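Working notes, beginning with the structure itself.
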Amino acid sequence: MSAGREKRALALGALLLSALALGGCSISIADLPLAGTPADAPARPKESGAYLPVNELPPDREEAAMNPAERAKIRSELVAARERQASATAAKDSAAKDSAAK
C-alpha cells in the first residue's frame with residue numbers, strides 16, 4: 001500500500017468515526033444557534049407534546065361523540081352523494097363513448 005493510500009484510508013476512518021460519534025448526540029439541528037430561526041417563528045414550548053404512557057388509557061368522554069340518529073342522517077347523506085357521483089360519472093362516460101363512436 002502506498003503512503004497516499006494509507007493517509008486517505010486513515011482520514012476516511014477518522015471521518016467515519018467522528019460522524020458516528022456526533023451522530024449519537026441528542027441535539028437537533030433546529031436547536032443549534034448557528035441554524036437560527038426566522039424572526040416571525042413562534043416560540044417553542046417548554047415541554048414537548050405529552051404522550052400517554054403505553055399502558056394508560058385516555059380519560060372517558062363526558063358526552064357521546066355522535067348519537068345514532070345523527071350518525072344515520074350523515075350516512076344517508078353520504079350514500080346519496082355517492083349515488084349522485086356514480087350516476088354523473090356513468091352519464092359522462094356514456095356520452096364520451098357515444099361521441100367517440102361517431
Side-chain angles (χ1 to χ4, degrees):
M1 217 180 210
S2 68
R5 197 175 217 182
E6 286 180 15
K7 286 182 183 180
R8 188 182 314 160
L10 186 59
L12 184 61
L15 181 65
L16 179 64
L17 185 61
S18 63
L20 288 174
L22 290 176
C25 294
S26 63
I27 186 170
S28 69
I29 293 175
D31 292 335
L32 293 175
L34 296 177
T37 54
D40 59 345
R44 289 180 176 244
K46 295 292 180 189
E47 291 183 20
S48 60
Y51 291 103
L52 290 175
V54 174
N55 296 327
E56 190 175 324
L57 295 175
D60 291 334
R61 295 178 183 226
E62 294 179 11
E63 59 186 46
M66 189 180 297
N67 62 23
E70 200 174 357
R71 185 178 302 139
K73 177 185 172 197
I74 292 173
R75 180 174 291 162
S76 66
E77 289 174 358
L78 288 172
V79 168
R82 180 179 61 200
E83 290 171 356
R84 281 193 309 269
Q85 271 189 327
S87 64
T89 303
K92 184 175 145 184
D93 288 345
S94 65
K97 286 180 184 179
D98 291 342
S99 65
K102 290 181 182 181

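None of these values were measured; they are calculated from a predicted model.
Scanning both residues, Met66 and Arg71, for their nearest heavy atoms gives O-NH2, 3.4 Å.
For the atom pair OG (Ser76) and CD1 (Ile74), the distance works out to 9.0 Å, reported to the nearest 0.5 Å.
For Glu77, the CD atom is densely surrounded, since the number of other residues' heavy atoms within 6.0 Å is greater than 12.
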